[in-house]
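Step one of this worksheet: look at the structure below.
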Amino acid sequence: HESVDRLIANFWSSGGRGQIVGAHGSGKSTLLRAMLGRFEESGHATVLIELHSHQRRLPMLPRLPASPGRPPVVAIDGFEQLGAYSSWRVARWCKRRNHGLLLTTHRRHAMPFALLGVRLPVLYHTRPTLALVHEIVRALVDDRDNRINSVDVEQSLAQHPGDVRETLFRLYELYEARRRER
């Protein structure tokens, strides 16, 4: 809770703008959703737009209700999918309506925002570590269950550097194969 709250404080101190940057499968979307939950808990209207491979245009942006002192927050997961014009358009749309804008992206984006005189700081750069993946695996697998060991975790993360999602998929496949052997 504290780290999400700190990120939200940084978001608001940056004018209600920010981006979460990191590799595929590194936890950007998970962090984004945690932040959106907090925004909603504190009375901010939110909208989440999820973009997928080669989706260069935004869907129609909805009207968001604004409460006094609680500007709406637009979150775009996969912002790097957008073309230059759509990027600029959403930045302008949010700026004109005084909406917060929170993005996930694989690399830092600045140009469409700089053109509008808007600062878009990196709030967090996801960098999964081996220790983090070990912690996740320990939380998912009973300590007495020896089907997955630390070498398995290290090898799976080495096969999918920085991609926790693919690492966990690989470990699950390994776990299931070993379970069926017994």
- Query: Under a single-linkage definition using a 4.5 Å side-chain heavy-atom cutoff for Ile, Leu, Val, Met, Phe, Trp and Tyr, are Ile49 and Trp93 assigned to the same hydrophobic cluster?
  - Reply: yes

- Minimum-distance pair of heavy atoms, taken over all atoms of Glu154 and Leu130: CG-CD2, 3.5 Å

- Closest heavy-atom pair, Phe79 versus Leu103, reported as atoms and distance to 0.1 Å, is CD1-CD2, 3.6 Å

- Approximate separation, where rounding is to 0.5 Å, of Ile76 CD1 and Gln19 CD: 11.5 Å

- Which pair of heavy atoms, one from Asn98 and one from Pro71, lies closest together, and at what distance? O-CB, 3.4 Å

- Query: When rounded to the nearest 0.5 angstrom, what distance separates CD in Glu41 from OG1 in Thr46?
  - Reply: 11.0 Å

- Item | Close side-chain approach of Asp77 to Arg33, heavy-atom, < 4.5 Å | yes

- Query: Any idea which heavy atoms bring Arg17 and Gly100 closest together, and the distance?
  - Reply: NH1-CA, 3.7 Å

- Honestly curious: do Leu171 and Leu140 fall in one hydrophobic cluster under the side-chain, below-4.5 Å linking rule? yes

- Task: Nearest 0.5 Å please: distance from the CG atom of Asp163 over to the OG atom of Ser156.
- Result: 11.5 Å

- Task: Taking all heavy atoms of Arg107 and all of Val21, pick out the closest pair and write down the distance.
- Result: CA-CG1, 3.8 Å

- Rounded distance (nearest 0.5 Å) linking atom OG of Ser26 with atom CD1 of Ile20: 10.0 Å

- If Ile, Leu, Val, Met, Phe, Trp and Tyr residues are connected whenever their side-chain heavy atoms lie under 4.5 Å apart, and connections chain through other members, are Ile8 and Leu48 in the same group? yes

- Note on the structure: So OG1 of Thr126 and NE2 of His106: to nearest 0.5 Å the spacing works out to 8.5 Å

- Decide whether Leu132 and Val141 are clustered together by the hydrophobic rule: side chain heavy atoms of Ile, Leu, Val, Met, Phe, Trp, Tyr closer than 4.5 Å, transitively. yes

- Closest non-hydrogen atom pair between Leu120 and Gly18, with its separation: CD1-N, 3.4 Å

- Item | Inter-residue atom distance Leu157.CG - Asp152.CG, 0.5 Å rounding | 12.5 Å

- Message: side-chain hydrogen bond (donor to acceptor under 3.5 Å, both in side chains), that's the test. Do His125 and Arg108 meet it? Break it down for me.
- Response: CA-CA 9 Å; His125 194 133; Arg108 186 178 186 282; over 6 Å; no

- Task: Go through Glu135 and Arg138 one step at a time and tell me if the salt bridge (Lys or Arg N to Asp or Glu O under 4.0 Å) criterion holds.
- Result: CA-CA 5 Å; Glu135 187 178 326; Arg138 277 193 300 275; 5.3 Å; no

